[in-house]
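Convention: sequence-line order gives letters A, B, ...; per-chain numbering from 1.
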Amino acid sequence: MECIYKKPATLDPKGKSGFCPGCTYGTVVKLIAEVVEELDIRERTMLPMGVGCAVSARDWVDFDSMMSLHGRTTASGLGYKRVHPEGVTIILQGDGDAVAIGMAESVHTANRGEPVTVILVNNQIYGRTGGQMAPTTLIGQKSTTSVAGKRVEDAGYPIHMAELIATLKTPRFVARGSVHNVKEILKTKELIKKAVRIQMEENAYSFVEIVTACTTNLGIPTSEVPSYIEDVVLKEFKTGVIKDESNLN
Amino acid sequence: MAKKVLMQGNVAAAEAAIRAGLNLYAGYPITPQTTLTEYMSWRLPEAGGQFIQAECEPAAINMVLGASVGGARALTATSGPGFSLMQEGISAMCGGKLPGVIINVMRSGAGGGSIVSSQADYNLAVKSAGHGGLRSLVLAPYSVQEFVDMVYNSFDLAEKYNNPVVILADGMIGQMHEPVIIPEFKTGTDARLKARGPGEKGRPKRVFKDTVSVPALVEKEYDAACAKYDLWQKEAVEYEDMLTEDAEYLIIAFGSAARISSGAVKALREEGVKIGMVRPKTLYPFPKERIKAIDKNQVKAVLTVEMARPVMFYDDVALYLDRDIPHYSCTRAGGVIITPDEVEEAVRKIL
Amino acid sequence: MAKIVVDSEACKGCGLCFSACPKKLIKAGEDINSSGFNYAVQVNAEQCIACKFCAIVCPDAAISVYR
């Protein structure tokens, strides 16, 4: 029998995934590792990780990574890329790191067109710190800082970061995907691959927001999370390519 | 024989950094640093480096951090308010054992403060590199030439110790024009950068951490840092003695306060007062032994001159000065620049 | 002929593969790994069609597929 699918070699065989059981943040990191393997860029890849659940990737990937200060990941990531333009810098952030504390850095990195690829994992919560409200938390969603459900009067509406980035002229490619079923996982993998190729081949900025959900803090069984994403979350955050000015097909 | 050129401190320092092999500068305009950023914006790209006008100071210090992770020689410059904003980044660079240089062209006042020169960021720079209690190596120039020389050497120093170096240049030093010799371009400054390229296929991954999370391991990191600071105290202390050999009175000052006080020292010497000055060039490591060595059998009184209220530098001098020697303080603050006459008058009061 | 191999140490017993398998061949096993998870096991492997759905959805890259 022939092996037709296995763990990519770019995930450390001795490494452990630090994500919670059933958390599809792990799926995102797996897809990034598969793209790195397929594009054969292991030694060129640098993965700056935001503060939050993203750091769980550190001991699992078998390529370079760097920890960052909260919200400053795009800044330190682009600083690295500026001095290693031959490298491929894939910036992994959550909704706190990129949309709250790092909003300025996220926008200005995109606006200057720094040739990095930002992967924003939107799970609508601050997972690592125990489930506080995020700028992407849904209206009515409970969290430890919105115990009765998030209200517009207190916190405004969820921020649609992909659309916000797409309003800027400079970014070459902006998309949103999800990883809650096989079809979407395969589509999102192509989005990631295209975004990374745009960095490599066109020396341009690319952005992919990926919708997940925090199984631990939602308090619902893992098996119900995919339909929660399909029926609730994706009504707020739409998947698809929002902006594509690249020459890649 | 190298020619002297009349240059502004900020601009000369920027040129010195470029000649020291600077790969990346990230900064946000802030008075009185602005002319440094402006000069960098066109001169650094011309010299083959990366210039970024960052969106804010936290972004700037983190761009420096990222570049340093990549092995590059990286610099940022700011003033008080921006220096406050950079503390987290400087802390991370200390924790991550990253070389890098941060220039603080000091202004005055709290909050937005005043744009005029002072020495009010002494504690912020010296006592802790941001939160967590690690330390930057802190240098204080007192002339444009010294600003140039310190910046020129700071990258080697930072790489030698894998640590941030902070250059506390009083606003005056950044803004004033003096004749200066600009050193030649260094060669071979990109060893660290080259070592962090893609490398061989299959090489081990590199993981940058600014911290570890297990307390016992964090404690080990702190112990290693203590050993580093002990080493600095042994080998990296720098100061200058001015007419101290027979001095019965000593002024202790750094930066522009020392520069101004040197005028008072000269004037008083002409009147026959046996006065000298000890001028720290490194504020951290502090010249403890030099201060301790001030002999109460020779020196009748010490006057510490600084442009900050309440005093900060005075307290560090007091920590090591023999308690039997009367110790006085002479200060101005808020951007008010002390004059040689005021220093002279302060000395006369203690004669 | 087809089957899957589950890396028992990598598997966290999350169950995403249970729902993903169109033939419902995967379930939580009786044994636990060193982390304490009841790792996934495939039953009736002869019915496996090597669709790879389980491996694709696995967030831990714990499944290899053979055909």
Among A:T27, A:T222, A:N181, which residue satisfies the side-chain contact (heavy atoms from CB on, under 4.5 Å) criterion with C:L16? A:T222
Answer yes or no: are there more than 12 heavy-atom neighbours, outside A:K14 itself, under 6.0 Å from its atom NZ? no
Expected output: side-chain C:K12 to main-chain A:F19 donor-acceptor under 3.5 Å: yes
Part of A:L31 within contact of chain C (heavy atom distance under 4.5 Å): neither
Which answer fits A:P221, side chain, backbone, both or neither, if we ask what part of it has an atom under 4.5 Å from a heavy atom of chain C? neither
Which atom names give the shortest non-hydrogen contact between A:G22 and C:C14, and what distance separates them? N-CB, 3.1 Å
With chain C as the partner, which of A:K7, A:K30, A:K189 has the greatest number of non-hydrogen pairs under 4.5 Å? A:K30
How about residues 54-67 of chain C versus chain A: which residues have heavy atoms under 4.5 Å apart? C:A55, C:I56, C:V57, C:C58, C:P59, C:D60, C:A61, C:I63, C:S64, C:V65, C:Y66, C:R67
Applying a strict 4.5 Å limit to non-hydrogen atoms, the region of A:L11 in contact with chain C is side chain
Flag, side chain of C:K3 to backbone of A:M1, donor-acceptor distance under 3.5 Å: no
Who in residues 24-46 of chain C is close to chain A, using a strict under-4.5 Å heavy-atom cut-off? C:S35, C:F37
Above 12 or not: heavy atoms from other molecules or residues under 6.0 Å from NZ of A:K238? yes
